[in-house]
Amino acid sequence: MNRKTLSERDICTQCITPALAAAGWDFSTQVREEVSFTAGRIIVRGKLHSRGSRKRADYLLYYKPNLPIAVIEAKDNNHGLGDGMQQGLSYAETLDLPFVFSSNGDGFLFHDRTGNAEPVETELALDQFPSPLELWQRYCTWKGLATAKSRETVETPYHDDGSGKSPRYYQINAINRTIEAIARGQNRILLVMATGTGKTFTAFQIIWRLWKSKAKKRILFLADRNILVDQTRNNDFKPFGPAMTKIEKRQANKAFEIYLSLYQAVTGSEEEKNIYRQFSRDFFDLVVIDECHRGSAAEDSAWREILDHFSSATHIGLTATPKETREVSNILYFGEPVYTYSLRQGIDDGFLAPYKVIRIDIDKDLQGWRPSRGQTDKHGRLIEDRIYNQQDFDRTLVLEKRTELVAKKITEFLGATDPYAKTIVFCEDIDHAERMRQALVNLNAGHVRENRKYIMRITGDEAEGKAELDNFINPESRYPVIATTSKLMTTGVDAQTCRLVVLDQRIQSMTEFKQIIGRGTRINEDFGKFWFSIMDFRKATELFADPDFDGPPEQVYEPGDHDSPVPPDLDIPPGPGDDPDDLPPPEPPLPPECAGGKRIKYVLGGEVTVYVVAERIQYYGPDGRLITESFKDYTRRAVRTEYASLDDFLRHWTGARRKKAVIEELETRGVILEALAEEVAKHNGCEFDPFDLVCHVAFDRPPLTRRERAEQVRKRDAFARYGDKARAVLEALIEKYADSGIESIEDIKILTLDPFTRLGTAQELIQSFGGKPAYLSAIRDLEDELYA
């Protein structure tokens, strides 16, 4: 066998696969080929988006399903034995794998990342590939799994629902690291996973495996919202069936094994109401605390009381945003996270939605406002004489015109994009959420007449609004469209189709900011949700500049008073996003209506006008710094990064068997040609071929229209050597190119469409060239003539 003539895929099938089979690897359960483990980052350009390329391993090796231990990267035999090693090592870091193999078909280069091997890299013949048991023993040594019981716990299978769907790679990492830590005897564990990455599913698989292995027999799962407990019981935890119960009505039934509880349901201000004390201290083997940043680590918190009572149990904390302040520390209690999957990584991998930011600054917010001497509010109350600024608005001072302006900008944005795009408006308090609801109702009277639930206030004090929360987060339910809220929807709201998050709330806590941003980061491809927008009226998004926020937005746009709130399509760039920490806590609320210790809230109507200031468009670049850049500038930079010169691009274009492949390559780098064509057409008044767009924008070449290129081919009479019918087909293809572009004529199915059907059947037309190979050769000749 001459390996030099084999493709990379041939090397896999003829050399690597037989070597694995000979070493005892089971291809039904232990070997997966060509495994894509990321989704490809979503790249947003104007109103359009594309997917970047996925990361794909040639082989992943598993000791048991969902227990990956090695990766193999293959190259053809014109490469060296170790040419795939660096790529394999990169994949191994991401997938948390200790063993990496590279092969060109002559043998293997083996890299051991455990730190327990000398030398680190060794060459192996094809017949020396290690067996599954050999690699598993090395893996157990690396992980410190010294006892048979610890290995048995780690080997316990995942729950399989029969759908064939497997967990994402980062969920496998989080689950396996947690199980391994517990098997080694670690009793305080912190898992940090960005909102929208499946923390509850991850927790379920951890609990399931520990329960099935009998490593943990009685488990308590705690959450701080009733809706979270119910969602968990009805969805991810459903396979526990009759072994599971929810603690409610302050009843402690000790006949179950899996307990779900709202932490308020097991604690109380009076000692006798602390239901958790009805359970003995050693009743639970495992306590899992969802959203543990919400206070479980504070010395005097109710959650901490529960953890102290069940101190002999293993405690697992789950959060998207661990809290680290002088007063509260998750890490001090749980220790360093055993695994972190951040918003930045989730966006880079394509599992979370990127976002644009629209910053709208209002004059009174920037300049402040001071009452005139003796001025009273609309209720006749004398207004305290001082300068009121952004931290006062909607807390101690209400400017009705400001509320109306915010509602107007939200309405304009939805009107210009999608009036039925799910929107959450975060307000200062419940009163502000109600006033915002009223202002939005008045500006959207037509939609409200269509359905009164178009806009709903969803706050903790109002039963009807809370009852609509499930409908808001249900992608199938059209209404409510707009939800005004204060704190209720900051966490635990799985709003998969939320496309607009509005910040009219002063936010200084990094933890709260990340939780709010997380309301929009879920992707729902079935409903076309790939990215979302944040409309910021309170400068909250300045927290993007904080070093603790690891995910700047795709775009920052600051419209002026008369500008559309929708960012223009001609500007762009990329940037990802998320992890932990807390800025100084927000100032405590001032004392709500003076009588009875309530905060005084002055209300001013139309006598105080407001308007929008600031008109700059900015984006965060890949390095996290603000840049100003047009779509044309981005395309020029992206193309020139890939192709050093015009000649380099021309060689690549003319050498491609199908031009569509080059177009798709460009789109994975964020060059969305449809959006670029729109921008260039604005300035030139006509449409161009992708080839001309790139040459014009990236290399300053004057463009030709598709019609001009078609006419040049006709003038050259380049196809005189073909018979009448073949020339008629080529003439129709030239006309089709002029109308629809290059991609249309590369698809052989075009021969089944009008006007080709008038010339004959597809088979007859292909035979007029002498068969399919000759037809495809003629297409390549036609393309050469078009781009001559």
Side-chain angles (χ1 to χ4, degrees), residues 48 50 639 646 649-667 671-699 701-788:
L48 303 173
S50 66
V639 171
L646 174 61
F649 175 70
L650 291 175
R651 277 194 298 273
H652 194 70
W653 181 267
T654 55
R657 294 186 65 177
R658 295 176 74 237
K659 306 301 182 256
K660 184 179 180 181
V662 182
I663 293 167
E664 289 172 349
E665 247 177 61
L666 289 168
E667 291 200 339
V671 179
I672 301 177
L673 292 161
E674 184 182 344
L676 184 64
E678 281 184 25
E679 183 177 341
V680 174
K682 286 178 193 171
H683 301 289
N684 294 272
C686 50
E687 295 183 356
F688 300 104
D689 186 281
F691 172 84
D692 285 280
L693 285 171
V694 172
C695 290
H696 173 58
V697 171
F699 301 109
R701 291 298 297 266
L704 295 176
T705 65
R706 293 197 299 263
R707 181 67 58 187
E708 287 171 333
R709 288 195 174 279
E711 291 305 320
Q712 284 187 351
V713 175
R714 289 191 176 105
K715 287 175 185 175
R716 289 198 292 271
D717 193 22
F719 301 111
R721 66 183 184 277
Y722 291 98
D724 291 345
K725 182 171 281 191
R727 275 203 310 276
V729 172
L730 290 167
E731 177 60 38
L733 286 169
I734 291 170
E735 187 60 27
K736 203 70 175 173
Y737 162 81
D739 288 340
S740 309
I742 192 67
E743 292 177 75
S744 64
I745 71 170
E746 290 189 325
D747 189 343
I748 200 168
K749 291 178 182 174
I750 197 172
L751 298 179
T752 63
L753 305 175
D754 191 61
F756 299 96
T757 50
R758 282 181 257 156
L759 300 174
T761 66
Q763 190 61 37
E764 288 170 348
L765 300 182
I766 290 168
Q767 285 306 317
S768 70
F769 290 87
K772 186 175 179 180
Y775 170 77
L776 295 175
S777 176
I779 294 296
R780 285 194 290 276
D781 289 346
L782 172 56
E783 290 180 338
D784 289 344
E785 290 294 332
L786 285 169
Y787 300 111

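What you see is a predicted model, and the numbers here were worked out from it, not measured in a lab.
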Polar side-chain atom of Arg706 near backbone of Asp689 as donor-acceptor pair, under 3.5 Å: no

Taking the side chain from His696 and the backbone from Arg701, do they hold a donor-acceptor pair closer than 3.5 Å? yes

[X]: side chain to side chain donor-acceptor pair (under 3.5 Å) partners, not counting sequence neighbours:
| X | answer |
| --- | --- |
| Arg714 | Glu711, Glu731, Glu735 |
| Lys736 | none |
| Asp717 | none |

Give the ring-plane orientation class for Phe691 versus Tyr787, where under 30° counts as parallel, over 60° as perpendicular and anything between as tilted. tilted

ring-ring contact (aromatic ring centres under 6.0 Å, His included): pairs with one or both residues in residues 723-745, sequence neighbours excluded: none

Please, which pairs that meet side chain to side chain donor-acceptor pair (under 3.5 Å) have at least one residue in residues 742-756, sequence neighbours excluded? Asp754-Arg758

Does the pair Phe699 and Leu650 meet the rule for a side-chain contact (heavy atoms from CB on, under 4.5 Å), with working shown? CA-CA 11 Å; Phe699 301 109; Leu650 291 175; over 6 Å; no

Measure the shortest side-chain to side-chain distance between Leu646 and Cys695 over non-hydrogen atoms and say whether it is less than 4.5 angstrom. yes

Show me the donor-acceptor pairs within less than 3.5 Å that the side chains of residues 763-780 make with the rest of the protein, sequence neighbours left out.
from: Glu764; atom 1: OE1; to: Thr761; atom 2: N; distance (Å): 3.0
from: Ser768; atom 1: OG; to: Leu765; atom 2: O; distance (Å): 2.5

Test side-chain contact (heavy atoms from CB on, under 4.5 Å) on Arg721 and Asp781; report intermediate values, then the result. CA-CA 12 Å; Arg721 66 183 184 277; Asp781 289 346; 2.9 Å; yes

